[in-house]
Protein chains: 2
Amino acid sequence: MIKTRPVNDARGDNSALKVVGDLKQDILTGYFKPGEKLKMTRLKERYQIGVSPLREALSQLLIEQLVVVENQRGFKVHPVSREEMRDIYATRAEIEALCIGLAVERGDDEWEAGILAAAHTMHKFGDMVDKDPQEWERRHQAFHTAIAQGCNSPTLLQVRRSLYEKASRYRNLWLKKNMANSDVFDANQKEHQLLIDALLAGDGEQARELIRQHLLSPSRALEKTPGLEELAD
Amino acid sequence: MIKTRPVNDARGDNSALKVVGDLKQDILTGYFKPGEKLKMTRLKERYQIGVSPLREALSQLLIEQLVVVENQRGFKVHPVSREEMRDIYATRAEIEALCIGLAVERGDDEWEAGILAAAHTMHKFGDMVDKDPQEWERRHQAFHTAIAQGCNSPTLLQVRRSLYEKASRYRNLWLKKNMANSDVFDANQKEHQLLIDALLAGDGEQARELIRQHLLSPSRALEKTPGLEELAD
DNA sequence: CAATACAATAATGTCGACATTTTAAATTAA
DNA sequence: TTAATTTAAAATGTCGACATTATTGTATTG
């Protein structure tokens, strides 16, 4: 007899691993706000799960610095600050440049094909950015990931992903306040094309510089947004 | 009445945080071997602690990729492989070069002073490397950390520390088999001096190249060591 | 009235117990 | 003997209970 397994239930994982993704999502999207206390009672009923797996999940997010813990005072969402934002984005720009530099050296035909495919998928979504920013961001990230994959270093890519997640918390905070307007969106598109050109031409130095600017510009935009202060600490 | 608090007891931390350091140490030093199963009964009696805090500690090491988990089959020490070793060391070289490049741009007088101080402390230990390799490594690492600090980026330094820890597992495996001999040690000393010269001269590009070679040489040495295979997987 | 001290309420962190699953051993079959 | 099957033992993962600690609200005092 064949066991029927619900597709949404990751049977291979324990409860902690099942919930860690949801929990992370709730923090990154801002359902749980920066600095907010994460009460066990609330988490228990939200995720329908006991204390032990919850603490295990939170322990993982602790290392990823998405939550903070204080003895006998439980877990809190890691607070945000302009300083941290600057540092994360700056580091992210350097890491991404590093990935791309290596990718240009090491990337093969399959790598180039992957980039063009992802670019196409992203382009198709086009100006529908106002309809579903979340989906657009998904494709946008897939595009950049396709490029970075070329570095062929699991360790480096892991670092990259971790930084992306940390940064997305700030990006989402920003998205909540001012919706993406089409001019910065168009500028984005142009930058992407320039980047692709540099990559296919094998110009690593140019690509590195382009990606630095590309990643730093949202940071500059966020820099000006008010309303971060009251969320910090 | 004043409460007397034992210095060794980190009273501010819960049990998981108290034990995570020891656990990490035991994995990095090879007390628990790569791929070895981490039975709860054994861990319980070794650290004199219950299952819940243990699982929390292990969940943290899970993200740092020092342990692996499989549902209903518990935790294992993350296996080693030549492939992973190569990747970690290569990434580490690039990250360290990145830190140093930024440090040369941003570093101030205090930074330079810190480097010289650490270099002195390391040099004083000198040829006593045969007496306590562990202590020598501590000072060696302190020296490199002093340099990297100059980048002034907590996020980047965090990445750096994480990679150092992962790498030290391989380094310790190597130390167990062939004790440090004085010729590679002397070469090390020379490289350090060249590095300091480049740093104080403000030659970032030279410093970056020096550090790459410096970090990659142990990797090349480990590359040849036999006896990794039977520990892998 | 403000500030402190105290009580009660709530929340955390840890352990032991239990159901489920895996692993090892013993038994049987080919 | 070797392979497959059954049985026994051991280990994992989760929950509820409990002690300890923090927090909130109330009373007391100057």
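Residue numbers begin at 1 in each chain, while the letters A, B, ... track the order of the sequences. All heavy atoms count here, side chains included; hydrogens, waters and symmetry mates do not. Given the structure is predicted, the values throughout are model-derived calculations rather than measurements.
Below 30°, between 30° and 60°, or above 60°: for His140(B) and His214(B) the angle between ring planes is above 60°, a perpendicular geometry.
Heavy-atom distances under 4.0 Å link DNA chain C to Lys39(A), Met40(A), Arg55(A) of residues 39-59 of chain A, given in residue order.
Phe143(B) is linked by a ring-ring contact (aromatic ring centres under 6.0 Å, His included) to His192(B), counting only residues two or more places apart in sequence or in another chain.
Rounded to a whole Å, the CG atom of Leu62(A) is 15 Å from the P atom of dT12(C). One can place CZ of Arg73(A) at 10 Å from C1' of dT23(D), the figure rounded to the nearest angstrom. A straight line from NZ of Lys76(A) to P of dT23(D) spans 11 Å, rounded to a whole angstrom. Gln72(A) has its CD atom 7 Å from the P atom of dT21(D), to the nearest Å. Atom CZ of Phe75(A) and atom P of dG13(C) are 6 Å apart (whole Å).
For the salt bridge (Lys or Arg N to Asp or Glu O under 4.0 Å) condition, the pairs that include at least one residue of residues 43-53 of chain A, sequence neighbours left out, are Asp26(A)-Arg46(A).
An OP1 or OP2 oxygen of dT12(D) is reached within less than 4.0 angstrom by a side-chain nitrogen or oxygen of Lys37(B).
In summary, the side chains of Gln141(A) and Thr145(A) do present a donor paired with an acceptor at a separation below 3.5 Å, with no hydrogens or angles considered. Between the side chains of Ser153(A) and Asp87(B), a donor-acceptor pair is found at a separation under 3.5 Å.
Between the side chain of Lys33(A) and the main chain of Ile27(A), no donor-acceptor pair closer than 3.5 Å is present.
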